[in-house]
Novice: 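Just dropping this structure here.
Chain naming here is simple, since letters A, B, ... match the order of the sequence lines and numbering starts at 1 in each.
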There are 2 protein chains.
Amino acid sequence: MTNHYIRLLALALCWPGITQAQERLPGGNQQRQLEQRFDKQLSSTHIGETIQSLSSQPHHIGSARGKAVAEDILQRFKSYGWDAEIVTYQVLFPTPKERVLELKSPTTNKALLKEPALKEDATSGQAGQLPTYNAWSADGDVEGPLVFVNYGLPDDYEYLERAGISVKGKIVIAKYGRSWRGSKPKVAQEHGAIGCIIYSDPKDDGYYAGDVYPKGAFKNEYGVQRGSVMDIVIYPGDPLTPNIGATVNAQRLDRLQAPNLLKIPVLPISYHDAAPLLKSLEGPVAPEEWRGALPFTYHIGNGKATVHLKLQFDWQIRPCHNVIAKLKGSELPDQWVIRGNHHDAWVNGAADPISGLAALLEEAKAIGALHREGYTPRRTLVYCAWDGEEPGLLGSTEWVEDHAAELQEKAVLYLNTDNNGRGFFNASGSHALETLVNDVARDITDPQTNVSILTRKQASDALKAPTAKLKKERLAKKNLAIGAMGSGSDYSSFLQHLGIPSLDYGFGGEDAGGEYHSIYDSYDDYHRFKDPGFQYGVTLSEAAGHTVLRVADAVNLPFDFRRLYETVNGYVNELAELAAGMRESTAIENQLIQEQKYQLVTDTARHLLQPSPKAEVPYLDFSTLQNALVALDTTTQTLSSRKNHTGAAYDKALYQAEQQLLYGNGLPARSWYKHTLYAPGFYTGYGVKTIPGVREAIEQRRWTEAQEQIAVVAAAINRLTVHLNGL
Amino acid sequence: MTNHYIRLLALALCWPGITQAQERLPGGNQQRQLEQRFDKQLSSTHIGETIQSLSSQPHHIGSARGKAVAEDILQRFKSYGWDAEIVTYQVLFPTPKERVLELKSPTTNKALLKEPALKEDATSGQAGQLPTYNAWSADGDVEGPLVFVNYGLPDDYEYLERAGISVKGKIVIAKYGRSWRGSKPKVAQEHGAIGCIIYSDPKDDGYYAGDVYPKGAFKNEYGVQRGSVMDIVIYPGDPLTPNIGATVNAQRLDRLQAPNLLKIPVLPISYHDAAPLLKSLEGPVAPEEWRGALPFTYHIGNGKATVHLKLQFDWQIRPCHNVIAKLKGSELPDQWVIRGNHHDAWVNGAADPISGLAALLEEAKAIGALHREGYTPRRTLVYCAWDGEEPGLLGSTEWVEDHAAELQEKAVLYLNTDNNGRGFFNASGSHALETLVNDVARDITDPQTNVSILTRKQASDALKAPTAKLKKERLAKKNLAIGAMGSGSDYSSFLQHLGIPSLDYGFGGEDAGGEYHSIYDSYDDYHRFKDPGFQYGVTLSEAAGHTVLRVADAVNLPFDFRRLYETVNGYVNELAELAAGMRESTAIENQLIQEQKYQLVTDTARHLLQPSPKAEVPYLDFSTLQNALVALDTTTQTLSSRKNHTGAAYDKALYQAEQQLLYGNGLPARSWYKHTLYAPGFYTGYGVKTIPGVREAIEQRRWTEAQEQIAVVAAAINRLTVHLNGL
């Protein structure tokens with residue numbers, strides 16, 4: 001059966017008279033048959049072999065093995081029948097030359113800064129491992145008093161201020177968790193710290209959380225989370241080439257002028273290395289929420305414990321090898337459905353990123369097999385394996401910046417994955433694609449429970465709801481709400497810089513552990529604790545593959561702007577409630593301060609200053625935003641009652657609708673981020689802020705800016721409405 | 001100025017024309033002058049000396065030193081000019097003969113069961129200390145598999161059931177905290193356990209909470225909390241003589257038939273001794289809420305770790321020496337204002353109970369001095385120092401049972417204190433006395449902040465409120481709500497058995513530590529961490545002394561039944577909400593179970609069974625209770641608009657009003673507790689349950705009983721209304 005025959009049949013089945021579910025499914029029953037043939041090509045055994053093979057050696061960006069992995073992937077794509085090439089950029093990537101961390105007083109201790117090999121983990125003793133470090137730490141040789149700052153969040157510094165403790169000229173030690181690691185040195189630097197140490201407390205992913213590796217999955221005392229501390233909320237990618245591709249001849253910034261690089265040194269350490277430092281601290285006992293699971297009392301510090309931190313890096317420009325594979329569409333070759341996952345790892349990276357990459361390659365293998373049998377998608381498929389994601393989404397960002405105009409013309413969808421595990425289906429992305437995600441998830445079976453991955457996820461959402469009322473509401477919901485995208489993987493440049501409709505998929509929730517970015521993220525760890533049997537690898541291939549194929553083959557592109565409208569309407573309600581809540585709490589806090597209640601209640605032995613009063617929260621005018629939503633409501637209602645408008649131009653108008661939500665000037669103080677609905681939080685890093693211009697202005701009490709941003713977002717929504725009215 | 005002169009002046013000042021505050025203050029300005037003279041007699045230095053002297057040696061019930069302390073107190077009262085005597089009862093009190101706790105497999109370890117002497121604590125190495133044990137443990141010699149049961153609450157056993165783990169025939173290890181210690185072996189026994197170990201986790205009052213003794217106030221690795229595990233929620237006092245005084249010739253139960261004694265052995269241990277036991281456990285990882293601060297992963301157990309527990313006690317009848325001191329009233333000698341605090345301690349007991357006792361003795365000294373200067377209270381004062389409180393309120397309960405009829409005739413008020421510390425004023429008791437407590441607290445200055453103890457407590461209540469809305473509400477409140485009484489000190493028999501209006505006072509919140517019931521509850525600990533300078537000792541004397549004197553001298557006894565009405569009305573609303581909330585959550589949980597959501601969501605690697613469905617919650621008829629409250633509303637409104645009805649008979653009707661709230665048959669399954677509004681919780685122990693007959697029937701899903709108890713409480717409230725109408 002040829003592709004053309006299938007296509008014609010599919011078109012025939014799309015006309016009125018068939019059921020709504022079939023109608024919604026691009027290609028109807030024929031597409032389902034294609035999916036069944038696709039699924040038959042997927043092999044959990046092969047996914048396991050891919051994971052073992054590609055994670056068999058350390059393969060970070062710039063390493064010989066990293067290049068070999070890219071070439072291996074290239075060959076795989078080619079062997080599956082895809083047109084594939086390696087597209088290389090030249091990016092800055094620092095590696096450590098010298099790392100010293102010493103406790104100098106009241107006692108002395110030198111940190112190990114080394115994860116030991118384990119006999120239970122075959123790859124843990126290999127050569128070529130990157131040492132434990134944070135990429136984009138500044139070079140530095142500093143010595144000073146140590147201060148414990150909890151998770152290093154802005155709120156933690158508010159507490160320190162009340163405790164009368166400044167970090168100015170000092171070295172802070174912060175726990176991993178709660179915020180993106182890069183936020184910790186950034187906030188420390190904002191407060192005048194001269195160095196930053198980040199450690200993994202056993203309460204968060206060590207023995208408190210569960211048995212430690214190799215007995216269990218959690219962090220043993222030597223495990224260290226490597227990771228980037230580039231300020232990706234300003235912009236990701238090569239820090240020297242914002243907005244443009246890091247080609248050989250690209251114009252580059254002076255590194256010391258790059259606005260997303262730190263000025264202070266920062267180093268991640270294990271709890272083995274953190275314990276003597278924390279134990280040496282005196283001064284106030286840390287508040288209860290600050291305390292971890294090390295077996296002593298946590299103190300904040302009183303200046304007597306001092307540390308020496310010396311870090312020097314090799315700041316080289318290195319090649320960044322993206323692998324780009326294409327399968328040209330039969331009917332609409334200039335409409336691209338893009339699928340990506342990175343291939344670089346901090347060390348072996350069996351989970352991060354190889355588990356997701358193995359699923360992607362399995363899809364490419366299956367589609368290649370279908371292609372050999374005669375199937376060609378209507379639209380072009382672009383499968384990507386990105387390099388340099390770990391240091392800051394380097395490979396994907398440079399490629400996207402380099403192909404910005406073409407992508408804004410051609411890209412229908414970008415579907416991302418990254419590390420994958422066992423458990424529940426997590427999907428986030430553009431809300432106009434929420435209906436598509438629901439339809440896909442409804443048809444895929446969870447390997448552990450034999451219900452659909454949609455049903456299982458909905459059950460989890462219902463059970464997790466904190467109150468009976470919310471449980472009831474969630475049980476009654478027929479559709480799964482997808483999350484909004486922050487950052488932390490390769491979708492950022494597609495969605496937030498270019499406005500390409502994007503999704504991110506993964507499974508998890510039953511695969512917790514402490515291997516993240518350590519040498520123990522290995523095949524030995526993965527097959528014991530993450531996805532034994534690699535069944536969720538297959539399930540991820542199914543979810544991503546079906547999504548790609550449905551979009552690629554769709555006669556009516558499955559955008560549903562009603563879901564977008566309803567989601568944004570919810571966000572606007574949240575913003576109004578946020579401002580109202582802050583108004584109420586600011587008023588009452590100011591009254592408590594004015595009436596000296598804090599002074600009356602504060603334990604006189606603890607010497608906590610009362611908080612400073614804050615300016616009262618003005619009423620904001622949300623009306624432009626609300627009126628914009630009324631118009632979008634009407635338009636999307638009309639649109640959803642129309643059917644079957646097809647053709648390349650109509651398609652293009654549909655997938656370019658998301659671009660109407662971009663604002664050319666970008667977000668305040670970070671113009672690279674142009675999407676008015678989604679961005680990583682300025683202080684949360686990976687964590688999303690929806691309608692970020694307004695939300696962050698409110699949260700950070702910049703009222704004039706909040707009002708301005710309401711207008712910016714309202715204008716963007718109005719552009720979308722006008723655009724949709726033109727359909 | 002003679003007492004009579006003051007009295008006449010006071011009467012004169014009470015007539016209309018004076019301000020309301022003066023009006024409410026029994027005796028008006030003259031009483032305030034008396035209070036000022038009283039306050040001048042109080043000495044923080046003397047309170048410190050009393051604490052040091054009376055806590056200088058271990059002095060538990062039945063010990064030679066315990067008797068000597070009673071005699072010392074007797075001499076003090078006499079020297080202050082009071083008529084005092086020692087009133088002795090003969091009570092059962094077990095002390096250990098043999099204590100063995102051994103880990104038998106997978107490794108072996110013998111528990112120390114010993115708190116070491118510290119050079120920083122002068123009394124910690126003395127002879128005569130009671131060993132670490134739980135009084136009223138059964139004799140036993142058991143060996144079996146060990147199971148970790150978190151805090152040993154009924155909910156914890158629900159989780160164990162889901163995990164498929166039975167404690168039948170096994171020995172459980174539970175953490176101290178969350179419930180009264182006696183509930184832990186009781187619930188374990190109900191589930192078939194053969195032994196129970198209770199330990200203090202460092203997360204609760206050890207190094208996680210703060211620096212450990214002697215550096216700081218919290219529990220070092222060897223500290224052990226002794227304590228009673230008598231089932232005082234059935235009845236307190238000598239277990240052999242419920243309802244009657246334990247006089248020499250009293251008829252006694254056979255110990256093995258006493259319904260409030262355990263059948264299984266139970267032993268408290270330190271975290272030093274607990275660590276090897278907990279570390280030896282395998283099987284499922286304990287749920288997050290179960291985990292403590294020891295530096296390893298907490299497991300529940302899989303049967304492989306076994307322990308041997310052997311305990312033998314000396315079950316002797318011992319003398320229990322209460323000291324009763326009286327100062328006869330000038331006008332109404334048969335109306336008694338009773339004040340009490342226990343004198344026995346587990347070991348030295350500087351905080352518990354001597355800090356409260358020292359304040360009581362300071363009051364007696366001051367009143368004695370005023371008496372020498374010519375003052376005599378209108379009503380009789382009865383100051384009591386109870387023996388045997390620690391094992392189960394023995395001394396107070398036996399005295400109260402022995403004098404039940406006389407007390408129900410004469411007792412206007414029982415005001416209790418126990419251990420005292422630094423911080424905020426805590427008051428609980430009969431809500432008809434709430435206005436009195438507010439008036440007293442408004443006039444007493446907090447030694448740290450120089451505002452009234454009322455203002456400071458209200459500031460704390462406002463700051464602690466979890467939401468802006470609640471903060472606002474609490475800020476707006478003019479009056480302090482007093483707590484309801486559960487159990488855990490000597491007020492139980494007065495209030496809950498006889499219906500004597502009762503109060504309990506104390507200061508705390510800034511004096512946390514881990515010394516409770518250990519050898520480290522010493523003078524050295526107390527003056528460093530509890531109430532340095534003994535200023536709160538003076539403040540407690542003021543609060544209690546002013547209350548006693550105002551009631552003793554009152555022309556109009558300061559009962560305010562409006563506050564009682566409003567409080568009970570609040571409780572009834574809570575009960576209706578409790579039932580409605582359970583109805584909603586039961587329905588939704590049953591739906592989740594029926595739709596197999598738990599099975600879909602449960603991690604297949606964790607093998608948790610889904611919960612069992614529960615019977616749906618029927619609608620209860622609260623109308624009898626609501627109608628009773630309408631009548632009480634009207635009556636108390638009328639009553640509060642009347643003034644100045646005086647005379648002995650009127651007084652008596654006022655203070656006997658609380659007795660109308662008793663129900664002769666008592667609470668279901670625990671007839672000793674007769675008050676329909678206040679009781680210790682059947683499973684919380686010390687923690688109060690208000691309107692306990694109804695509340696516990698609802699909580700424990702006994703719907704017929706809940707409906708019956710609504711009628712019982714409604715009838716009690718109607719009795720009160722009729723009684724008040726008769727005034």
Novice: Quick check for you: among Glu510(B), Lys597(B), Lys471(B), which has the greatest number of heavy-atom pairs under 4.5 Å with chain A?
Specialist: Glu510(B)
Novice: Measure Tyr208(B) against the heavy atoms of chain A and call it side chain, backbone, both or neither at under 4.5 Å.
Specialist: both
Novice: Under a 4.5 Å heavy-atom cutoff, which of Ser585(A), Ala293(A), Ser460(A), Gly210(A) has the most pairs with chain B?
Specialist: Gly210(A)
Novice: Can you say whether Glu595(B) sits under 4.5 Å from chain A via the side chain, the backbone, both, or neither, judging by heavy atoms?
Specialist: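 The side chain, not the backbone.
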Novice: Checking Thr586(B) against chain A: side chain, backbone, both or neither under 4.5 Å from a heavy atom?
Specialist: neither
Novice: Given the rule in the side-chain contact (heavy atoms from CB on, under 4.5 Å) test, do Met582(A) and Leu578(A) qualify, once you have shown the distances and angles that lead to the verdict?
Specialist: CA-CA 6 Å; Met582(A) 284 175 69; Leu578(A) 174 66; 4.1 Å; yes
Novice: Check whether Phe507(B) forms a cation-pi arrangement with Arg422(B) (NZ or CZ under 6.0 Å from the six-membered ring centre, at most 45° off the ring normal).
Specialist: no
Novice: Is the Tyr222(B) ring parallel, tilted or perpendicular to the His272(B) ring (thresholds 30°, 60°)?
Specialist: tilted
Novice: Which answer fits Lys203(B), side chain, backbone, both or neither, if we ask what part of it has an atom under 4.5 Å from a heavy atom of chain A?
Specialist: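 Just the side chain, heavy atoms under 4.5 Å.
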Novice: Please step through side-chain contact (heavy atoms from CB on, under 4.5 Å) for the pair Asn479(B) and Arg442(B), ending with a clear verdict.
Specialist: CA-CA 10 Å; Asn479(B) 283 307; Arg442(B) 194 174 288 114; 3.6 Å; yes
Novice: For the pair Asn220(A) (side chain) and Tyr213(A) (backbone), establish whether a donor and an acceptor sit closer than 3.5 Å, ignoring hydrogens and angles.
Specialist: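 Here the side-chain-to-backbone pair exists.
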Novice: Of the listed residues (Thr604(B), Asn450(B), Leu463(B)), which shares the most heavy-atom pairs with chain A below a 4.5 Å separation?
Specialist: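 Of the candidates given, the most pairs with chain A belong to Leu463(B).
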Novice: Less than 4.0 Å between a side-chain N and a carboxylate O, is that true for Glu289(B) and Lys175(B)?
Specialist: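 The answer is no: the pair does not qualify as a salt bridge.
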Novice: Go through Val212(B), Val601(B), Thr455(B) and name the one with the most non-hydrogen pairs under 4.5 angstrom from chain A.
Specialist: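 Ranked by contacts with chain A, first place is Val601(B).
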Novice: Mind ranking Glu288(A), Lys464(A), Arg606(A) by heavy-atom pairs under 4.5 Å with chain B and telling me who comes out on top?
Specialist: Glu288(A)
Novice: Pick one of side chain, backbone, both or neither for Gln596(B), based on which atoms fall under 4.5 Å of a heavy atom in chain A.
Specialist: neither
Novice: Taking the six-membered ring for Trp, are the ring centroids of Tyr207(A) and Tyr271(A) within less than 6.0 Å of each other?
Specialist: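 Centroid separation for Tyr207(A) and Tyr271(A): below 6.0 Å.
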Novice: Using 0.5 Å steps for rounding, measure from the CG atom of Leu608(B) to the OG1 atom of Thr602(B).
Specialist: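 OG1 of Thr602(B) is found 5.5 Å from CG of Leu608(B).
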Novice: Given the options His299(A), Glu589(A), Gln599(A), Lys469(A), which has more heavy-atom pairs under 4.5 Å with chain B than any of the others?
Specialist: His299(A)
Novice: Flag the one option from Ala468(A), Ala286(A), Gly423(A) with the top tally of heavy-atom pairs under 4.5 Å to chain B.
Specialist: Ala468(A)
Novice: Do the side chains of Arg178(A) and Asp204(A) get close enough for a salt bridge, i.e. N-O under 4.0 angstrom?
Specialist: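 Not counted as a salt bridge, because no side-chain N and carboxylate O are separated by less than 4.0 Å.
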Novice: Please check if the number of heavy atoms outside Glu616(B) that lie under 6.0 Å from its CD is greater than 12.
Specialist: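 Count over threshold, so yes.
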Novice: Taking every non-hydrogen pair under 4.5 Å, which of Gly581(B), Ala462(B), Ala209(B) racks up the most with chain A?
Specialist: Ala209(B)
Novice: With a 4.5 angstrom heavy-atom cut-off, could you sort out which part of Ala587(B) is near chain A: side chain, backbone, both or neither?
Specialist: neither
Novice: When only heavy atoms count and the cut-off is under 4.5 Å, which of residues 528-539 of chain B reach chain A?
Specialist: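 Within residues 528-539 of chain B, near chain A: nothing under 4.5 Å.
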Novice: Is the number of heavy atoms from other residues, nucleotides or ligands within 6.0 Å of NZ (Lys215(B)) greater than 12?
Specialist: yes
Novice: Output yes when Arg474(B) and Asp461(B) qualify as a salt bridge under the 4.0 Å nitrogen-oxygen rule, no when they do not.
Specialist: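 No salt bridge links Arg474(B) with Asp461(B).
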Novice: A cation-pi test, strictly: NZ or CZ of Arg456(A) under 6.0 Å from the centre of the six-membered ring of Phe424(A) and no more than 45 degrees from its axis. Yes or no?
Specialist: yes
Novice: Using non-hydrogen atoms only, which part of Pro295(B) is less than 4.5 Å away from chain A: side chain, backbone, both, or neither?
Specialist: both
